[in-house]
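So you know, we letter chains A, B, ... as the sequences are listed, proteins then strands, and number each from 1.
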There are 2 protein chains.
Amino acid sequence: MSEQIVERPLVSITNVIFSFDTVTKQLLVLLLQRSQAPFMGAWGLPTTTLRSNESADAAALRLVKEKLGVHLTSNQTEQLGTFTNVGRVPGQRTLALTYMVYLPVKPALIPGAGARAVRWFAVTPRTDRDDLVAGDLSFTGLTDDVSAADFYQRERGTTQLAADHALIVKTALQRVRNRLNYAPTILRVLGVSFTLKRARELYALLERRSVSQIDNSNFRKTHGHLFEQVGFVRGNGSGRPARVYRLKD
Amino acid sequence: MSEQIVERPLVSITNVIFSFDTVTKQLLVLLLQRSQAPFMGAWGLPTTTLRSNESADAAALRLVKEKLGVHLTSNQTEQLGTFTNVGRVPGQRTLALTYMVYLPVKPALIPGAGARAVRWFAVTPRTDRDDLVAGDLSFTGLTDDVSAADFYQRERGTTQLAADHALIVKTALQRVRNRLNYAPTILRVLGVSFTLKRARELYALLERRSVSQIDNSNFRKTHGHLFEQVGFVRGNGSGRPARVYRLKD
DNA sequence: CCAAAAGTGTTCCATCTACACCCATGG
DNA sequence: CCATGGGTGTAGATGGAACACTTTTGG
């Protein structure tokens, strides 16, 4: 067997940035339309290149700062996984170190360098997948049963997003769901503090059921230990004002 | 602010390879003593360099083949995380893509290229950490409360293993523990099939308590759904022979 | 028949589920 | 004072923990 070439791959950082629309009560993911090769014209997740003097999580934070002007600290990101399939990007070998980012705000969007357009896409649950929808634009998510191996072997041609970003998004949502019952960091998209109603709305969305199916009283009892009362209430509409909570660390 | 240099880092694959000693009932981790810089003479996890024509998980499998001569398929490895701290290795910037590997056998060891010695180290639970012990050699594990940030800031000088391998081992054991109640893939170290007694022994070790504290009857009821009876029994000693089970997928 | 180890059953208690009820605010 | 939504309490169902008991093998 011949000795294999050891090369230096490009190392990119790719973020799944989550936010929340308090009006439509939708979980949002940031996608941008690429204005450069590879995948020019295609929509995909924000990506940057790792620099020599920064760790990958620092790069993930820098990416958020560059694309959205929002400064975050490192406890607002989580490493998702590293995607290394040989042909995942045409041309140069490129690894993707991926992170999940929970934005406590929903900033205005300005397309920056490398992007023709930027938009928030609503995570839209279907029976066995999650689509990403922004007005007229809609991207069908991978169905739940698709494994990474399946994706690279079969589904690759059918995906509408750049590279393997459909797989990255699916992986991210799966992770978020797994964490709902013990470390629901996704709730950070609701801001530093939130009402339990809002929390239940987000749970309902991710569990693919309606808010009314999650009993208020029981939700407090089963998940209350994860929250901490901030102590003040906020009279916002009709009915009794809700207390405000924050995630315990 | 000046533009930062975008370089191509070295990308290494580092494995936490688990096995099991059926005689001493110990969980084992493979360490080797380096015969090359950096960290010459220090003990550390098996590491290789990612090649141009292979994915990271393929490289993890190749590493096992090279060091142990054991051929595995990709469902016997799991991505652990990617370690990218800027100064984690002196000299060249090096990223570590880490994998966990569960060996269904305990192969004989032969030091190969780049290693002065190779040994199995027993995961030895203490009150708030796990040490790695092999006869006269012993490495103190990081205590449970040390975060990654803590490690790189404070604990770095005190660690006895190469680079950040103490942190990688700690992260691996933490992951293994988290999975015990829903996806105990660590049980693969017991081979393709195993008795529930062996499973409880491994659980006891990882939960830092004695086997007698895990009730046989209750263990079946709480974790039985994770296993599948292979169907035959194996008369191995005195007492009623145990049925043999395997992990459900 | 006895010892040893595997496997089963039973009771008790904690926790979750469903649902009724009470509380605080706006109009 | 009534409508609206937030917050509390309670009875039944479910699942885990402790422990007694039965089964199957070797000697």
Inset, instruction - Assess whether one donor atom and one acceptor atom, taken from the side chain of A/Ser217 and the base of D/dG9, lie less than 3.5 Å apart. - result: yes
Inset, instruction - Respond yes when some side-chain nitrogen or oxygen of A/Arg240 is under 4.0 Å from OP1 or OP2 of D/dT4, and no when none is. - result: no
Inset, instruction - Find the distance A/Glu201:CD to D/dG5:C1' and express it as a whole number of Å. - result: 12 Å
Legend entry - For A/Ile186, the option from A/Leu247, A/Leu173, A/Leu205, A/Leu27 that meets side chain to side chain contact (heavy atoms under 4.5 Å, CB included): A/Leu27
Inset, instruction - Could you tell me how the ring of B/Phe219 sits relative to the ring of B/Tyr203: parallel (under 30°), tilted (30 to 60°) or perpendicular (over 60°)? - result: perpendicular
Inset, instruction - Provide, to the nearest angstrom, the distance between the CZ atom belonging to A/Phe219 and the C1' atom belonging to C/dA18. - result: 17 Å
Legend entry - Side-chain ion pair, A/Arg179 and A/Glu78, N-O less than 4.0 Å: yes
Inset, instruction - Fit a plane to each ring of B/Trp43 and B/Phe139, take the angle between them on a 0 to 90° scale, and name the class: parallel (under 30°), tilted (30 to 60°) or perpendicular (over 60°). - result: tilted
Legend entry - For atom CZ of A/Phe227 and atom P of D/dG7, their distance in whole Å: 12 Å
Inset, instruction - Name the residue closer to the 5' end of DNA chain C, choosing between B/Arg200 and B/Lys221 according to the nucleotide with the nearest heavy atom. - result: B/Arg200
Protein and nucleotides 1-3 of chain D: nitrogen or oxygen contacts under 3.5 angstrom:
none

Legend entry - Whole-Å distance separating the CZ atom of B/Phe194 from the C1' atom of C/dA6: 16 Å
Legend entry - B/Lys170 bridged to B/Asp130 by N-O distance under 4.0 Å: no
Inset, instruction - Figure out the CG/C1' separation between B/Asn216 and D/dA17, and round it to whole Å. - result: 14 Å
Inset, instruction - Indicate whether any N or O donor in one side chain lies under 3.5 Å from an N or O acceptor in the other, for B/Ser212 and B/Ser210. - result: yes
Inset, instruction - Rounded off to whole Å, could you give me the CZ-to-C1' distance for the A/Arg220 and C/dC22 pair? - result: 13 Å
Inset, instruction - To the nearest Å, give me how far apart CG (B/Asn181) and P (D/dG16) are. - result: 10 Å
Legend entry - Donor-acceptor side-chain pairing of A/Gln76 and A/Tyr102 below 3.5 angstrom: no
Inset, instruction - Specify the separation, in whole Å, of atom CG of B/Asn218 and atom P of C/dG9. - result: 14 Å
